[in-house]
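In what follows, chains are A, B, ... by sequence order, proteins preceding strands, each numbered from 1.
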Amino acid sequence: MAIETYYPFQEAEPKWQQKWAERGLFRAQIDGKRPKAYVLEQFPYPSGKLHMGHVRVYTIGDAMARFRRMQGFDVLHPMGFDAFGLPAENAAIQRGVRPADWTEQCIDAMRAQLDRLGMSYDWDREVVTCRDDYYRWNQWIFIKMWEQGLVERRKAAVNWCPKCQTVLANEQVINGRCWRHEDTEVDVRQLDQWFLKITDYADELLRDLDDKLAAWPNLVTAQQRNWIGRSEGALVKFKVKETGEDLPIFTTRPDTLFGVSFMVMAPEHPKVQEWITGRPNEAEVKNFINKIVLEGRERRTDEAAEKEGCPLGITAINPVNGREVPIWIANFVLMEYGTGAIMAVPAHDQRDFEFAKKFNIPIHVVIEPEGQKLDAATMTAAYTEPGKMVNSAQFDGMDSVPAKRAIVEWLAGRNQGEPTVQYRLRDWLISRQRFWGTPIPFIYCEHCGLVPVSVDELPVKLPKDAKFGDGSPLAGVPEFVNVTCSKCGGKARRETDTMDTFFDSSWYFLRYCDAKNAELPFGGEAQSWMPVDLYVGGKEHAILHLLYSRFFTKVLRDMGLIKLDEPFSRLLTQGMVLAEGRDPRTGDVRFFKMSKSIGNVVDPSEIIGQYGADAARMFILFAAPPDKDLEWTTAGVEGIARFMNRLWRYLQTNLEALKKGFSENGDVAPSELASAEDRALLRQVHETTRRVTLDMGERQQFNTAISACMELLNALYGWELRDDSLARRLAATAMSRLALLISPFAPHLAEEIWSQIGAAGLVAEQPWPEWNQDALRVDEIEIALQVMGKVRGHMMVGVSEAEEAIKQRALADEKVKQFTDGKTIRKVVYVKNKLVNVVAN
RNA sequence: GCGGACGUGGCGGAAUUGGCAGACGCGCUGGAUUUAGGUUCCAGUCCCGCAAGGGGUGGGGGUUCAAGUCCCCCCGUCCGCACCA
């Protein structure tokens, strides 16, 4: 009769969690003698409840942290909370609770859940961004940035989310909609706002992607490259005939300059208003501008949108040939990019071509494909490829590619243009008209104007209460707003905008290194711990958090706070957790991202209650490689629980033998074993050790590491545990090894096995096991016998057997003979320890 | 359109450098234990075939003694950006 034995995780898990805490095993210390490993997962927003996605990131990070600790690294594995943000304000509106109280409650609940999962954090370093011992350093950094000229307050066209009731950074607008409200289009408003000059670092942010972040996933570096959008070209000055002023434009195609047949300015271009004022068509132009602006940016930037334009009735003079061309305004030219004005070459740019056709503007061909003539009258599309220059004066006959440079040099010599680089990246709009964020430490003095708060007056604390609902909550708190100027003592008004919460998360990884520093945001300890060796987080931050953090690191470096170019040497972007659900539209059953609307959310607490934290952790690591999406299935979790119980049952069934074996003389050495079965098992113990070590350390493939452990257990079940000392010791070697190897994934079960078998101390403080090359060695190995690349049989060979002898034996093999019969042997290939391939025809 | 990732059994996924495709797990089939169900254990499970054998990693070509892996051309899926001059 089968023994009904189950691993009692309900008792075991809290017991070991308490022991780890008592021993302070996860407190990070660095002595410089041992290698360090900074393992970090993106900290959560404290919503009050962990979801499966959290469990996945934190399990991956914890497995790595535990592994590195056992390997003898000094490990920093901290946790904290990204605690500023709108949900706390919504809670204030809906339930009348203070954002601070609500947030702190949520933090307590989430910390408890993380502990229940057995996460090995150094809680002494906890960082909570909404506490003033953290956000005061946001303010400090902000003022230092101001001093460095990296902060600007200026009027600009900015994105406004009507739901958030605040402005957003460009990175937070997705297809014209708010990143938190997919259903909400953002408006464009002209407002005075605070910007961080991330564009000053555009070039370095781009360059370092190539070499310093070679270990990052391509997906992320490619997205960042795309976002920064470097583009080389030239600035060319056209002269406006009617006013004598310059109209500078940016182009990547100076080789097409001789083909310019019109110019286009963005409708918002400030010069437009100026130049048309008092002209006969003033009203017409203004009507057009209004129409375009009212359409909204999203409609306007849709590629499918019809090209619309309006001539200004003024002319520009082409610096290369003196040709006079009309200036238009049109919906497809954006004020934010380049100079807000372009030269249009319909023959060689598809947009310009469509526009010219629509409005009957001449087309001048200036580049032709090798050996071919282009006729402007019959062209149906722009020719955008390189080719031979024509109709371009002294440049005729040149290849268009080198001609770019030649033309720019020629222009530069006459002071009419210069080579230049444009970026798509915009400065980071950092101010928010919200309450629950870091107050921007500035005041507006009636006499002195904009004055930064002096750093020794920090923090500028948030008031406890405010009125939520309408407009900026801080503006409605007079005690907060009304101040005296620190310079002149006169009446002043405090800035009521707060910082984008991405400011908070752009440097929290540095604060963990020195979390209690009261003098500086962080000190020298950061130099010892940084960079983060493994950063685990979601792909959704590919540009946003990850770009901002890179920017901050470079800024803080240039302020002299740390010597460091990049914060995260290795990045692991984990996939989503999916579960089966029914498509609300088609009714199909398939896997979806867990969501309330589909009703396929699996609550981690329920899983922990039913199967235990270890089963949840192990399933998550086993079901898919970390960077891929994971399909959550109950059957899969049960499969893992079954493995854990099988392991447990082996221990219980053979407990006396294992305890005895463990107490007798330690691990078995290869030289002690005679029988082939024993040697095979010991070899597998070491082979498993090797595989798990490499899968974890080199490849971060936890799924295959766990498979290897399963195979070892299967082998142990298939091996006969005899009633003798050697066999007992071998079984104990295998069992104790399994405890060590699974401990990064299932730390509680590992401790329970370790203690039951009679081992001293905690698994969490054991050194990681090493594999023994002697144990891996074999005398004989089975190789494949192939004829013409097809496997026809197998054969045992001695590891030191001569190649020639092996080939002869292979040729003499019955199966091989059967397939080579009547054919000529052309060649015999031997691959050591793998196969013999006979080529015969 | 540009950029990135990917395509292997019924399913999740394995396969360091080109070297026995399908490890491990789920599911399924048969059997044992059990009053029964569950649990547990044993055997099987890429496809065709009674077998010998043949076919097989999205499709088509190529290199090679040997290709899931390398090269070329297609097809498809997913993700990001998108009138950026």
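- Put simply, A:Asn714 has a side-chain N or O that comes within less than 4.0 Å of OP1 or OP2 on B:G25.
- Remark: the separation of the P atoms in B:G44 and B:A23 is 13 Å, to the nearest Å.
- Separating the P atom of B:C28 from that of B:U39 is a span of 10 Å, rounded to the nearest Å.
- Nucleic acid contact class of A:Phe819 (heavy atoms, under 4.0 Å, all strands): sugar-phosphate only.
- Taking 4.0 angstrom as the limit, A:Gln350 places none of its side-chain polar atoms (N or O) nearer than this to OP1 or OP2 of B:G1.
- Listed nucleotides B:C83, B:C26, B:G25 differ in distance to A:Met710; the shortest reach to its side chain belongs to B:G25.
- Annotation: cation-pi geometry satisfied between A:Arg646 and A:Tyr717 (NZ/CZ under 6.0 angstrom from ring centroid, within 45° of ring axis).
- Between A:Leu712 atom CG and B:G25 atom C1' there is a gap of 16 Å when expressed in whole angstrom units.
- When the nucleotides B:C65, B:C84, B:G53 are ranked by their closest atom to the side chain of A:Arg351, B:C84 comes out on top.
- Considering only side-chain atoms of A:Asn331, the nucleotide from B:C83, B:G25, B:C41 that sits closest is B:C83.
- Only the C1' atoms considered, B:U77 is 15 Å distant from B:U8, to the nearest whole Å.
- Aromatic pair A:Phe502/A:Trp428: ring centres not closer than 6.0 Å.
- When heavy atoms are screened at a 4.0 angstrom cut-off, A:Lys815 is found touching the sugar-phosphate backbone but no base atom.
- Annotation: B:G27 and B:G13 have their C1' atoms spaced 14 Å apart (nearest Å).
- When Watson-Crick and G-U wobble pairs are counted only if both distances are under 3.5 Å, B:G56 pairs with no nucleotide at all.
- We find that OH of A:Tyr717 is positioned 10 Å from C1' of B:U40, with the value rounded to whole Å.
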Whether each nucleotide of nucleotides 10-22 of chain B has a protein heavy atom under 4.0 Å at its base (B), only at its sugar-phosphate (S) or at neither (-) is summarised, 5' to 3', as --BSSSB--BB--
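- Remark: aromatic rings of A:Phe262 and A:Phe355 are close, center separation under 6.0 Å.
- Taking the six-membered ring for Trp and thresholds of 30 and 60 degrees, A:His545 and A:His541 have ring planes more than 60 degrees apart, a perpendicular arrangement.
- For B:A5, the OP1/OP2 oxygens have a side-chain nitrogen or oxygen of A:Asn218 closer than 4.0 Å.
- The aromatic ring centroids of A:Trp632 and A:Phe591 lie 6.0 Å or more from each other.
- Nucleotides B:C50 and B:G12 have their C1' atoms positioned 34 Å apart, rounded to a whole Å.
- Here B:G54 is in the anti range [glycosidic angle more than 90° from 0].
- With ring centers used as reference points, A:Phe622 lies 6.0 Å or more from A:Phe643.
- Look at the C1' atom in both B:G7 and B:U69: the space between them is 14 Å, to the nearest Å.
- Under the Watson-Crick and G-U wobble criteria, each requiring two contacts below 3.5 Å, nucleotide B:U40 is paired to B:A32.
- The separation between A:Trp216 atom CH2 and B:A5 atom P is 16 Å, rounded to whole Å.
- As judged by a 4.0 angstrom heavy-atom cut-off over every strand, A:Gln818 is placed among residues touching the sugar-phosphate backbone only.
- Atom CG in A:Leu578 sits roughly 14 Å away from atom P in B:C78 (whole-Å rounding).
- Distance CD (A:Glu171) to P (B:G80): 16 Å, rounded to an integer number of Å.
- The residue among A:Ile640 and A:Gln422 whose nearest nucleotide of RNA chain B lies closer to the 5′ end is A:Ile640.
- Nucleotide B:G22: unpaired (no Watson-Crick or G-U wobble partner with both distances less than 3.5 Å).
- Within 4.0 Å (heavy atoms only), A:Gly639 reaches sugar-phosphate atoms of the nucleic acid but no base atom.
- Checking A:Glu638 against A:Tyr611 by side-chain atom types alone, a donor-acceptor pair falls below 3.5 Å.
- Using a 4.0 Å heavy-atom distance criterion, A:Ser231 is classed as a sugar-phosphate-only contact.
- Across every strand in view, B:A82 sits unpaired, with no contact that passes the Watson-Crick or G-U test at under 3.5 angstrom.
- Straight-line distance between the P atoms of B:U33 and B:G9: roughly 38 Å, to the nearest whole Å.
- When both pairing distances are held under 3.5 Å, B:G49 makes no Watson-Crick or G-U pair with any nucleotide shown.
- B:U69 makes up no base pair with any nucleotide shown, lacking Watson-Crick or G-U wobble contacts both under 3.5 Å.
- Comparing the C1' positions of B:C71 and B:U64 gives a spacing of 12 Å, expressed to the nearest Å.
- Positionally, the nearest nucleotide of RNA chain B for A:Asn645 lies more toward the 5' end than for the other of A:Met343 and A:Asn645.
- Listed candidates were B:G4, B:A85, B:C84. Nearest to the side chain of A:Ala222 is B:G4.
- Counting to the nearest Å, the C1' atom of B:G25 and the CD atom of A:Glu711 are 11 Å from each other.
- Counting any heavy atom pair closer than 4.0 Å across all strands shown, A:Arg826 reaches no nucleic acid atom.
- A side-chain contact (heavy atoms from CB on, under 4.5 Å) with A:Pro267 is found for one member of A:Val272, A:Leu334, A:Ile292 and no other, namely A:Ile292.
- A close approach under 4.0 Å does not occur between any side-chain nitrogen or oxygen of A:Arg792 and OP1 or OP2 of B:G53.
- Residue contacts for A:Lys790: at a heavy-atom cut-off of 4.0 Å it reaches the sugar-phosphate backbone alone, with no base atom in range.
- Residue A:Arg207 places its CZ atom among more than 12 non-hydrogen atoms of other residues, nucleotides or ligands, all under 6.0 Å distant.
- Here the P atom of nucleotide B:A82 and the CG atom of A:Asn226 are 8 Å apart, to the nearest Å.
- With sequence neighbours excluded, the residues satisfying salt bridge (charged side-chain N to carboxylate O under 4.0 Å, His left out) with A:Arg550 are A:Glu566.
- For the pair A:Lys307 and A:Phe332, the cation-pi test (distance below 6.0 Å, angle within 45°) is passed.
- In this structure, of B:G4, B:C26, B:C81, it is B:C26 that holds the atom nearest to the side chain of A:Arg642.
- Remark: B:G76 base-pairs with B:C6. Criterion, Watson-Crick or G-U wobble with two distances under 3.5 Å.
- Across the protein-nucleic acid pair, A:Glu580 atom CD and B:G27 atom P stand 13 Å apart, rounded to whole Å.
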